[in-house]
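Single-structure report; data block below.
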Protein chains: 2
Amino acid sequence: MQHQKLATIEDVAAIAGVSIATVSRAINEPTKVADETRRRVTEAIAQTGYTTNAMARSLRMRRSNMILILAPDVGDPNFSNILVGLETEASKRGYGVLIGNTQNDPAREADYLRFISSNQADGLILFTGHLPYGYGNDAGESRLPPMVAVNEPVSNSDVPFVGVDNFEGSRIAAEHLISQGHRRIAFIGRSTSKAVNILREKGYRAALEGHGIAIDPRLILDGDGTTESGRAATEHMFVRDVLPTAFLCVNDVTALGVIIALTARRYELPRQFSVMGFDDITFASFVSPSLTTMKQPRLKIGEEAMDLLLALLQGKSVERKQVLLRSELIVRNSVGQVGR
Amino acid sequence: MQHQKLATIEDVAAIAGVSIATVSRAINEPTKVADETRRRVTEAIAQTGYTTNAMARSLRMRRSNMILILAPDVGDPNFSNILVGLETEASKRGYGVLIGNTQNDPAREADYLRFISSNQADGLILFTGHLPYGYGNDAGESRLPPMVAVNEPVSNSDVPFVGVDNFEGSRIAAEHLISQGHRRIAFIGRSTSKAVNILREKGYRAALEGHGIAIDPRLILDGDGTTESGRAATEHMFVRDVLPTAFLCVNDVTALGVIIALTARRYELPRQFSVMGFDDITFASFVSPSLTTMKQPRLKIGEEAMDLLLALLQGKSVERKQVLLRSELIVRNSVGQVGR
DNA sequence: TCTGCCTGTGTAAACCTTTACATCAATCAT
DNA sequence: ATGATTGATGTAAAGGTTTACACAGGCAGA
């Protein structure tokens, strides 16, 4: 009862009085069939409610028109908005998107590659920042499908990346703090491994140096981008009693931790301390004080990334290995003039 | 260069010295082939790096092992966590999940049904609260695939629903406020159309009535579940000067609006007003004051829903048309004793 | 009139599985 | 000794497309 025998191309052909080849052509290359024939086929299709069986088509054409999205955490605040962009563009071009939530588990990553190796997906969008595990194993043939990275570039590889110009964005953020009179600006979220963190720190340094402000290494603290890391780093500064007037955080989530720590110590923001984030995730406007930050054009990132991937799939060679979009300064209430 | 001719079942058969039927059986019904044969096949598979071509398999078996998830808004805070549950369970059972972001656009909903009608997906998870548009059109055959609703039940239909017991949860929430001494409790987010809102209002009413507290209609305000609706409703109460001591909101997002309105008016929370939400979305713990709310077991909801859908796909008849899970009271800092 | 080309269509192969059915050998019951 | 049953495997069909190639007819150019 589930399948009531769908109409096939043969049914359509019979009704239209043509061969199946002609039906196929009428659908896929309309100009190649005579007007009158095309009309009859179209009518037969409407009459039967025919839809091309995607499986048969994929089998024959060796391509599924599906894109696999590999993300370490579907709940990540950056993820969902980029996903919308990816999905919109894919849908517009007749592609579907498949979600793989890997939780950074190598086993799950490897498992998801079955979609690639079994021809169920033609290309890959990587949120993970690294090539998926499970390539080049047993059989030795590391058959990499076309792929594009978003959110985080893939370290030492030439996988094209679409994202925000982290260096420039962070520089602008720091400039903003400087324009408000800040000189002692902390950077929270240093990392030696994550490319995003490294670039944002560089932007911070560039801005300070550009204004002749000496970099105080004691104001640069490690962090892995979590709320807890922001909180801990802030506490650490109070313990060591080396304090800035402003905190530039590697991302909004970290900034939230900083705000929590400062609020817990009963400081008034932004009168006593300024805090800046990066990303403009949803809650940035809800937290109190609402967060001044750099907005990532996430929708656009998703669309551009999908566009690039589909171009790759069509065999176009990609000139640009990186597409860097501009982030936008969003001024809210967490940054104030230094000394009132 | 993209496809370097993957190994097929024939290659494996040749190496193992058996027929392709035996290879297929060795993979899918291992008990049906002799131990020694199975060993040879397994080795041949390893040697060639063979993976079953999912398209050929789906074509033959008339099932794709894919589930389509139709959601009006991928960015919805409830969505991503349920998705994780859906995805985890699907993945565990060898299914993949396809995302369809409909934005409540009938055209997009209809378009996504091509995945169903073209056999690219076997079942449907509905976040939308209504049957997809586009069924029963031209051809007249409204061929509904197996489906399960989450987040919102599908109004007047017998589509199975997995979610939280909204009536009971809301009752518990109201009880909590009552236990803190509140008697004048507002309900923000009344709606005559949305099932979730209706049930939560009923739970609110039941709790008050159970404690002999008269219901004051002036304390029940309309709202569509957005932050703005919460803000506006609160303002409205101040204008009319009919004030509660506590606000029970239809969801966290609405509660946020209430908090924003109260904070803007310089009230101190929870000393002067208490606010409760529902859902426990991510930012609930970050907002200030952190929000006391009812937590939805979203991961569990996703898993149960997928489990139910897969059961349906196997032709099992479903006894329960609804799976109602319990929500959990999360006490934070937005609710206080009345009168200190 | 013949040759060659173009347009429109049909035939059949290929894509890669799963599985009903057939076959064969070996075991078992009578 | 014979017939029935069981177990392991092979043969071939079916699933629904796309597309290379062949073919037929019409038409233009010589």
Side-chain angles (χ1 to χ4, degrees), chain A residues 2-42 44-45 48-65 94 114-120 122, chain B residues 2-42 44-45 48-65 94 114-120 122:
Chain A
Q2 192 175 142
H3 280 277
Q4 54 188 348
K5 198 75 172 172
L6 292 178
T8 75
I9 202 172
E10 298 218 41
D11 302 327
V12 175
I15 292 183
V18 296
S19 74
I20 61 168
T22 299
V23 174
S24 177
R25 277 188 289 255
I27 295 171
N28 302 307
E29 311 161 289
T31 60
K32 291 204 174 175
V33 333
D35 290 357
E36 164 60 11
T37 312
R38 177 153 19 90
R39 200 193 53 68
R40 290 213 313 279
V41 170
T42 312
I45 288 176
T48 53
Y50 168 75
T51 320
T52 301
N53 181 311
M55 295 314 165
R57 163 182 257 257
S58 294
L59 172 60
R60 173 61 219 235
M61 301 191 72
R62 295 174 141 142
R63 121 181 109 73
S64 59
N65 280 23
R114 78 187 140 92
F115 286 113
I116 300 295
S117 56
S118 70
N119 277 356
Q120 251 172 129
D122 302 334
Chain B
Q2 192 174 144
H3 282 277
Q4 53 188 350
K5 198 73 171 173
L6 292 179
T8 77
I9 203 173
E10 298 219 42
D11 302 327
V12 175
I15 293 183
V18 296
S19 74
I20 61 169
T22 299
V23 174
S24 177
R25 277 188 289 254
I27 295 170
N28 301 307
E29 312 161 287
T31 62
K32 291 203 176 175
V33 336
D35 291 356
E36 163 60 12
T37 313
R38 180 156 14 92
R39 200 193 53 68
R40 289 214 314 278
V41 170
T42 312
I45 288 175
T48 53
Y50 170 75
T51 319
T52 301
N53 180 312
M55 294 315 165
R57 162 183 259 257
S58 293
L59 172 59
R60 172 63 217 236
M61 301 190 71
R62 296 179 142 130
R63 117 183 112 73
S64 59
N65 281 23
R114 79 187 139 91
F115 286 114
I116 299 295
S117 57
S118 70
N119 277 358
Q120 252 171 128
D122 303 333

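Convention: sequence-line order gives letters A, B, ...; per-chain numbering from 1. Note that the structure is predicted; figures quoted are calculated from it, not measured.
- Taking both residues in full, the closest heavy atoms of A:R40 and A:A16 are given as NE-O, 2.9 Å, listed atom of the first, atom of the second, then distance.
- You'll find the side chain of B:V41 reaches within 4.5 Å of the side chain of B:V18, heavy atoms only.
- Comparing A:E29 and B:A34 against DNA chain D, the residue whose closest nucleotide sits nearer the 5' end is B:A34.
- One interatomic measurement links the two molecules: CD of A:Q120 to P of C:dT17, which rounds to 13 Å at whole-angstrom precision.
- In this structure, of D:dT9, D:dT17, D:dT19, it is D:dT17 that holds the atom nearest to the side chain of A:T8.
- One finds a side-chain N or O of A:T22 lying less than 4.0 angstrom from the OP1 or OP2 phosphate oxygen of C:dG10.
- Going from atom CZ of A:R38 over to atom C1' of C:dT9 covers 14 Å, rounded to whole Å.
- Ranking C:dG10, D:dT18, D:dG15 by closeness to the B:A56 side chain, first place goes to D:dG15.
- Counting heavy atoms from C-beta outward, B:I27 and B:Y50 have side chains that approach closer than 4.5 Å.
- For the pair B:N28 CG and C:dT19 P, the computed distance is 7 Å after rounding to whole Å.
- For the 3.5 Å distance criterion, the side chains of B:S118 and B:Q120 qualify, holding a donor opposite an acceptor.
- In this entry the distance linking CD1 of A:I27 with C1' of D:dT18 reads 11 Å, nearest Å.
- Atom CG in B:N53 sits roughly 13 Å away from atom C1' in C:dA14 (whole-Å rounding).
- Under 3.5 Å, the side chain of B:R57 and the base of D:dG15 form no donor-acceptor pair of N or O atoms.
- The nucleotide whose nearest atom lies closest to any side-chain atom of B:M61 is, among C:dT9, D:dT18, C:dT19, C:dT19.
- If A:R25 and A:Y50 are placed on DNA chain D by their nearest nucleotide, the residue sitting closer to the 5' end is A:Y50.
- The closest side-chain donor-acceptor pair between B:N28 and B:R57 falls under 3.5 angstrom.
- With hydrogens and angles ignored, a donor-acceptor pair under 3.5 angstrom links the side chain of A:R60 to the base of D:dT18.
- Note: CD1 (A:I20) to C1' (D:dT17) measures 7 Å, nearest angstrom.
- Going from atom CD of A:E36 over to atom C1' of C:dT9 covers 14 Å, rounded to whole Å.
- Here D:dG15 is the nucleotide among D:dT11, D:dG15, D:dT19 with the atom lying nearest to any side-chain atom of B:R62.
- Comparing atom distances between the A:S24 side chain and each of D:dT19, C:dT19, D:dG16 picks out D:dT19 as nearest.
- Contacts of A:T37 with the nucleic acid, taken as non-hydrogen atoms under 4.0 Å apart, involve only primed sugar atoms and P, OP1 or OP2.
- One interatomic measurement links the two molecules: NZ of B:K32 to P of D:dG10, which rounds to 15 Å at whole-angstrom precision.
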